[in-house]
Amino acid sequence: MAFIISDILKGLILYTPKNSFFVKVHPAVKLFVVIVFSFAALLTPNHSLALVNLILISVTVVAARVPAKALRLYTFVIGWMLLVSFIFYSFFTPIRSGPVMATIGPLKIGYENFMAWLLVALKFLAVSYVTALLLATTKHRDLAVALRTWRLPYVVSFTFASILRNLAVVSVDLFTIIDAQSSRGLNFRKGNPVQRLAKFVRVGIPLIYVSLKRTEEMSNAMASRGFKVRGKKTMYYTIPMKTRDYVVAGLFTLHLVIVLAVLLGL
């Protein structure tokens, strides 16, 4: 399992540019699209609209040429979460009303319970794919530019960009350590679950050391340059808004308006 996730994560959090329209869109508009899709997915009241929202997100993801590795990881993680939620929705939640779809011993799967789970599944998949759309097509510094374009405080944009950058660095360090330990003869595939978990202690200790060392180096570098969070900041790296950015923002705003109109019964 560690090797599968390793191959996926090495190209996930890091920016993977593709020759697509979405890569060229302004970062502030990309972030706006993610927020619009997320609100539309979470506010969707019925299955039909949730399916339409998921299809629209999937078309956008395909058009943006998001790497398949990123999509596989999000599908893998969300899939396990949905499997657990399906078990709880189906077997450990009292049947509200409607017919019984299946009976397994003393356990029963109600139609209404299944439909409630299906709506949650469509929403979770939509949110996960739109997150992959943002992370795989946007640089870390561009996310900071997006937040600054929205006039958010500098400390917020700096913290957010630093977290994403450190996630990318830590993920690479994690699997570098796993590869190094594997080359020394440590087999993560053998043994029972407890033994496998114990082997990851040999990964966690070096990872903590490397992470603390990187944090100290970053802190010293910022202190040596006289960095302060407060005060007026001059952005030397800016991205101008173009006509296509306003068009994209307008189209997805229209999508959110339609969802709200359906929600309010207009």
Side-chain angles (χ1 to χ4, degrees), residues 1-16 18 22 33-93 95-96 101-105 107-138 163-164 167-168 170-172 174-175 178 188-189 191-194 196-197 199-200 203 259:
M1 186 62 66
F3 295 92
I4 297 175
I5 299 178
S6 172
D7 292 336
I8 297 173
L9 270 182
K10 284 179 180 177
L12 169 67
I13 304 176
L14 299 178
Y15 170 64
T16 52
K18 295 287 184 180
F22 202 77
V33 169
V34 171
I35 293 176
V36 166
F37 268 140
S38 299
F39 271 103
L42 296 176
L43 295 176
T44 300
N46 56 63
H47 297 79
S48 300
L49 192 57
L51 182 60
V52 170
N53 193 58
L54 178 59
I55 293 174
L56 183 57
I57 290 176
S58 301
V59 170
T60 306
V61 168
V62 172
R65 300 179 65 184
V66 174
K69 289 183 178 181
L71 297 179
R72 284 205 305 267
L73 175 67
Y74 280 96
T75 304
F76 177 79
V77 175
I78 296 299
W80 276 105
M81 293 175 59
L82 293 178
L83 177 61
V84 174
S85 65
F86 173 77
I87 294 173
F88 279 98
Y89 266 94
S90 302
F91 300 123
F92 298 99
T93 302
I95 297 178
R96 306 171 187 175
M101 295 179 59
T103 301
I104 304 176
L107 305 176
K108 297 181 180 181
I109 302 177
Y111 175 78
E112 292 295 332
N113 296 48
F114 175 77
M115 295 303 293
W117 170 83
L118 182 60
L119 181 60
V120 172
L122 293 173
K123 292 182 178 183
F124 267 77
L125 286 173
V127 173
S128 64
Y129 287 155
V130 79
T131 303
L133 176 67
L134 175 67
L135 295 181
T137 61
T138 311
I163 290 174
L164 289 178
L167 283 175
V170 169
S171 66
V172 173
L174 171 62
F175 296 111
I178 291 178
F188 292 93
R189 299 182 178 181
N192 56 49
V194 177
R196 293 183 183 184
L197 184 61
K199 292 178 182 179
F200 276 96
V203 176
V259 172

Q: Take Leu125 and Leu82 through the side chain to side chain contact (heavy atoms under 4.5 Å, CB included) test and state the conclusion after the steps.
A: CA-CA 9 Å; Leu125 286 173; Leu82 293 178; 4.2 Å; yes
Q. Nearest heavy-atom pair of Val127 and Ala41: which atoms, and what distance?
A. CG2-CB, 4.0 Å
Q: Using a 4.5 Å cut-off on heavy atoms from C-beta on, say whether the side chain of Lys123 contacts that of Leu119.
A: yes
Check residues 50-58 and write down every donor-acceptor pair under 3.5 Å in which the side-chain atom is one partner and the other belongs to a residue at least two apart or another chain.
unit_1: Asn53; atom_1: OD1; unit_2: His255; atom_2: NE2; d: 2.7
unit_1: Ser58; atom_1: OG; unit_2: Leu54; atom_2: O; d: 2.8

Q) If you round to the nearest 0.5 Å, how far is OG1 of Thr60 from CZ of Phe37? A) 4.0 Å
Q: Among residues two or more places apart or on two chains, list those pairs meeting side chain to side chain donor-acceptor pair (under 3.5 Å) that have a residue in residues 34-45.
A: none
Q. Between the main-chain N or O of Leu118 and the side-chain N or O of His47, is there a donor-acceptor pair closer than 3.5 Å?
A. no
